[in-house]
Chemist: 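Handing you a structure now.
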Amino acid sequence: MNGSSDDTLTLALSKGRILEDTLPVLAAAGIEPEVDPESSRKLVFETNQPGLRLLVIRASDVPTFVSYGAADIGVAGKDVLIEHGGADLYEPLDLGIARCRLMTAGLPGAMDEASHRPLRVATKYVETTRAHFARIGRQVEIVKLYGSMELAPLVGLADVIVDLVDTGNTLRANGLEPFEVIEDISARLVVNKAAQKMKHAAIEELVELFGRGASSEAA
Ligand code: PRT
Ligand code: MG
């Protein structure tokens with residue numbers, strides 16, 4: 001199954017805060033969507049580049065679209081890629097945008113209070129959290145949430161959380177402390193492995209455009 005024929009490329013973008021950072025990179029790379037994806041309700045956008053169309057989808061769905069070949073290439077947060085597993089995708093470029101850290105956090109002293117029993121951890125990153133605590137040899141019980149992880153320690157749902165931290169304002173506003181960095185996060189370009197072979201030239205060209213766009217944005 002393939003989302004686009006041999007001479008066209010389909011690029012999947014993460015909507016929300018990654019999209020906000022991706023659009024300036026696209027603009028710097030000379031890629032212009034037909035209409036502004038941030039204000040349109042469309043899901044598929046043609047661009048000024050013949051043979052390049054964009055999909056704007058939920059951030060956590062980007063690895064799925066790219067691994068099934070419904071998109072040839074995508075922009076996804078490293079947090080989402082780690083959680084997905086990502087073994088079936090190439091990751092040719094760190095765009096250096098939408099930066100943050102995946103961290104453990106909780107009320108002051110929370111780690112020590114739970115030192116004689118499994119630590120209860122609330123997160124939407126179940127696989128990443130399991131792998132992290134296995135690595136450090138700490139027994140955990142994971143509570144899967146879909147958002148507002150910061151609430152969990154405040155109401156006794158969990159001892160700690162695993163969530164993204166940028167400025168630290170959300171933690172501070174809720175009386176929580178950052179404990180340990182699990183991963184430094186930024187948005188990455190990912191490529192479908194079959195497309196990488198079948199559409200090699202077009203993909204190389206797009207990766208290079210993105211590389212130029214990302215570095216001129218960073219400058
Ligand atoms: O819709 P879906 O559930 O798939 O995702 P979403 O609604 O979480 O999407 P969105 O638009 O929030 O984008 C999420 C992606 O942006 C993540 O996967 C990261 O790759 C990236 N990103 C970068 C962040 C942050 N920085 C970030 N700070 N995503 C979320 N946050 C949240 C964090 O979860 C916490 O609640 O911001 C809060 C912390 O920020 P500070 O500045 O208060 O520390
Ligand atoms: Mg969302």
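Just so you know, ligand 1 is whichever comes first in the structure, and atom 1 is the first atom listed for that ligand. Note: hydrogens, waters and symmetry copies are ignored here, and every other heavy atom, side chains too, is used. Numbers here simply count residues along the sequence, with the first being 1.
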Chemist: What part of E150, side chain from CB on, backbone N/CA/C/O, both or neither, has a heavy atom under 4.0 Å from ligand 1?
Modeler: side chain
Chemist: Side chain, backbone, both or neither: which applies to V80 and ligand 1 if a contact is any heavy-atom pair less than 4.0 Å apart?
Modeler: side chain
Chemist: Which ligand 1 atoms does C100 reach within 4.0 Å, using its non-hydrogen atoms?
Modeler: 22 (N), 23 (C), 25 (C), 26 (N)
Chemist: Cut-off 3.5 Å, no hydrogens considered: what does the side-chain donor-acceptor table look like for residues 20-29, sequence neighbours left out?
Modeler:
from : atom 1 : to  : atom 2 : distance (Å)
D21  : OD2    : A98 : N      : 2.9
T22  : OG1    : I18 : O      : 2.7

Chemist: Of the listed options (R101, M149, R17, K15), which comes nearest to atom 27 (C) of ligand 1 when hydrogens are ignored and any heavy atom counts?
Modeler: R17
Chemist: Nearest non-hydrogen atom to atom 29 (N) of ligand 1 belongs to which of N169, L164, D61?
Modeler: L164
Chemist: Under 3.5 Å, is there a donor-acceptor pair linking the side chains of S186 and R99?
Modeler: no
Chemist: Determine whether Y125 and L81 fall in the same hydrophobic cluster, where Ile, Leu, Val, Met, Phe, Trp and Tyr are linked whenever their side-chain heavy atoms lie under 4.5 Å apart.
Modeler: no
Chemist: So, are D88 and K193 salt-bridged, with charged N and O less than 4.0 Å apart?
Modeler: no
Chemist: Between T128 and E83, do the side chains contain a donor N or O and an acceptor N or O under 3.5 Å apart?
Modeler: yes
Chemist: Would R188 and D94 pass as an ion pair if we require N to O under 4.0 Å?
Modeler: yes
Chemist: Could you pull out all donor-acceptor pairs under 3.5 Å where a side-chain atom in residues 130-142 meets a protein atom, sequence neighbours excluded?
Modeler:
from : atom 1 : to   : atom 2 : distance (Å)
R138 : NH2    : A114 : O      : 2.5
E141 : OE2    : R120 : NE     : 3.3

Chemist: Using a 4.0 Å heavy-atom cut-off, which part of K78 comes near ligand 1: side chain, backbone, both, or neither?
Modeler: neither
Chemist: Less than 3.5 Å between some nitrogen or oxygen of S60 and one of ligand 1, yes or no?
Modeler: yes
Chemist: Relative to atom 34 (O) of ligand 1, which among D21, L102, D163, I57 owns the nearest non-hydrogen atom?
Modeler: D163
Chemist: Should we say atom CD of E91 is surrounded by more than 12 heavy atoms from elsewhere, each under 6.0 Å from it?
Modeler: yes
Chemist: Do the side chains of E38 and K15 get close enough for a salt bridge, i.e. N-O under 4.0 angstrom?
Modeler: no
Chemist: By number and element, which atoms of ligand 1 are closer than 4.0 Å to a non-hydrogen atom of T167?
Modeler: 41 (P), 42 (O), 43 (O), 44 (O)
Chemist: Report, in ascending order of atom number, the atoms of ligand 1 lying under 4.0 Å from any heavy atom of A98.
Modeler: 23 (C)
Chemist: Do E204 and Q196 have side-chain atoms, one donor and one acceptor, less than 3.5 Å apart?
Modeler: yes
Chemist: Which atoms of ligand 1 are found less than 4.0 Å from any heavy atom of A59?
Modeler: 4 (O)
Chemist: Looking only at non-hydrogen atoms, which of T170, L81, V75, D79 approaches atom 17 (C) of ligand 1 most closely?
Modeler: D79
Chemist: Just jot down the ligand 1 atoms closer than 4.0 angstrom to any heavy atom of G16, in number order.
Modeler: 11 (O)
Chemist: Taking only heavy atoms of G77, which atoms of ligand 1 are found under 4.0 Å from at least one of them?
Modeler: 20 (O)
Chemist: Taking distance alone, with no angle check, do V165 and ligand 1 share an N/O pair under 3.5 Å?
Modeler: no
